[in-house]
Amino acid sequence: MTSYIAGLPAFLSYFSIGLFCYAAFAAIYTRLTPQREAQLIREGNLAAIVAFLGALLGFSLPLASAAAHSVSLIDFVIWALIGIAIQVLAFYIANFTMRDLHRKITDGNVAAGLWGGGIAVVVGILNAACMTY
């Protein structure tokens, strides 16, 4: 029986640090983006929901890759921080390629939310693939 749960401490460590990384990502991302995601989501703004979920998914992919391929918890945290930085960059790429993206998301333009969220997922896929060292 103990052989079945031998990996539990490592799982709990990676999982709890991963949850902390999600919280850190959400806090950093929402402070750096011009729109107020939490308020817009509470108001039912579909564009904001799609854009923010895309960012979370885009961050989830490299975070999962880092958890699967890291050699230590410190290695995992370093790659998670890189994932956060890349996802913030993804927002600025999306904003650069669609003029006034944050205003359009705030106004509820679903296409803008899909664009922002989609760019985040696409960048997250590439980021995750590059982390398979």
Side-chain angles (χ1 to χ4, degrees):
M1 174 72 167
T2 58
S3 64
Y4 292 113
I5 60 170
L8 186 60
F11 165 79
L12 292 174
S13 298
Y14 277 87
F15 189 77
S16 60
I17 289 172
L19 289 177
F20 176 79
C21 290
Y22 278 119
F25 170 73
I28 291 167
Y29 186 85
T30 57
R31 281 181 180 65
L32 292 178
T33 56
Q35 65 268 19
R36 299 174 185 251
E37 283 89 352
Q39 177 185 345
L40 293 171
I41 290 169
R42 278 193 297 273
E43 293 171 357
N45 183 317
L46 186 57
I49 293 167
V50 169
F52 190 63
L53 282 176
L56 286 173
L57 284 170
F59 177 63
S60 294
L61 297 164
L63 187 66
S65 181
H69 297 100
S70 64
V71 295
S72 68
L73 289 173
I74 292 175
D75 188 42
F76 176 51
V77 170
I78 290 168
W79 284 107
L81 292 172
I82 291 168
I84 290 172
I86 297 297
Q87 278 306 305
V88 169
L89 178 65
F91 172 79
Y92 289 109
I93 291 169
N95 197 44
F96 179 76
T97 58
M98 180 179 277
R99 184 177 290 248
D100 297 324
L101 177 65
H102 67 278
R103 184 186 53 76
K104 290 176 181 175
I105 290 172
T106 300
D107 292 343
N109 182 323
V110 176
L114 284 168
W115 180 253
I119 293 292
V121 171
V122 167
V123 169
I125 291 169
L126 178 60
N127 190 11
C130 292
M131 287 185 180
T132 58
Y133 45 88

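Every heavy atom of this structure was used, including side-chain atoms; hydrogens, water molecules and symmetry mates were not.
Val122 and Phe59 are members of different hydrophobic clusters when ILVMFWY side chains are connected at heavy-atom separations under 4.5 Å. Under a hydrophobic-cluster definition in which Ile, Leu, Val, Met, Phe, Trp and Tyr are linked whenever side-chain heavy atoms come within less than 4.5 Å, directly or via other members, Ile93 and Ile105 are assigned to the same cluster. Using a 4.5 Å cut-off between side-chain heavy atoms of Ile, Leu, Val, Met, Phe, Trp and Tyr, with links allowed through other members, Ile119 and Tyr92 fall into the same hydrophobic cluster. Both Leu63 and Tyr29 are members of a single hydrophobic cluster when ILVMFWY side chains are connected at heavy-atom separations under 4.5 Å. Note: the hydrophobic cluster containing Phe25 also contains Ile28 (ILVMFWY, side chain heavy atoms under 4.5 Å, direct or indirect links).
For Glu37 against Gln35, the heavy-atom pair with the smallest separation is OE1-O, 3.0 Å. Closest approach of Gly58 and Gln87 over heavy atoms only: O-NE2, 3.3 Å. For the residue pair Ala120 and Gly54, the shortest heavy atom distance occurs at CB-O, 3.5 Å. Nearest heavy atom pair, residue Gly124 against residue Pro62, reads O-CD, 3.6 Å. Of all heavy-atom pairs between Tyr22 and Leu56, the closest is CE2-O, 4.4 Å. When all heavy atoms of Ala48 and Leu40 are compared, the closest pair comes out as CB-CB, 3.6 Å.
Partners of Arg103 by salt bridge (charged side-chain N to carboxylate O under 4.0 Å, His left out), not counting sequence neighbours, listed by chain and number: Asp100, Asp107.
Applying the 4.5 Å side-chain rule to ILVMFWY residues, one finds Leu57, Val121, Ile125 in the same cluster as Leu61.
Ring planes of Tyr14 and Phe76: tilted class, angle from 30 to 60°.
Note that CD1 of Ile17 and OG of Ser70 are 9.0 Å apart. Values are rounded to the nearest 0.5 Å. In this structure, the separation between CD1 on Ile41 and CG on Leu46 is 10.5 Å, given to the nearest 0.5 Å.
A donor and an acceptor atom, one from each side chain of Trp79 and Ser65, are nowhere located under 3.5 Å apart.
Side chain of Asn45 to backbone of Thr106: a donor-acceptor contact under 3.5 angstrom is found.
Between Phe11 and Leu8, some side-chain heavy-atom pair lies under the 4.5 Å cut-off. With contacts defined as side-chain heavy-atom distances shorter than 4.5 Å, the pair Leu101/Phe96 does not qualify. Side-chain contact between Leu32 and Phe91: absent, with no pair of heavy atoms (C-beta onward) separated by less than 4.5 Å. Put simply, the side chain of His102 does not reach to within 4.5 Å of the side chain of Thr33, judged on heavy atoms.
Checking Leu73, Leu81, Ile74, Asp75 one by one against Val77, the side chain to side chain contact (heavy atoms under 4.5 Å, CB included) holds for a single residue, Leu81.
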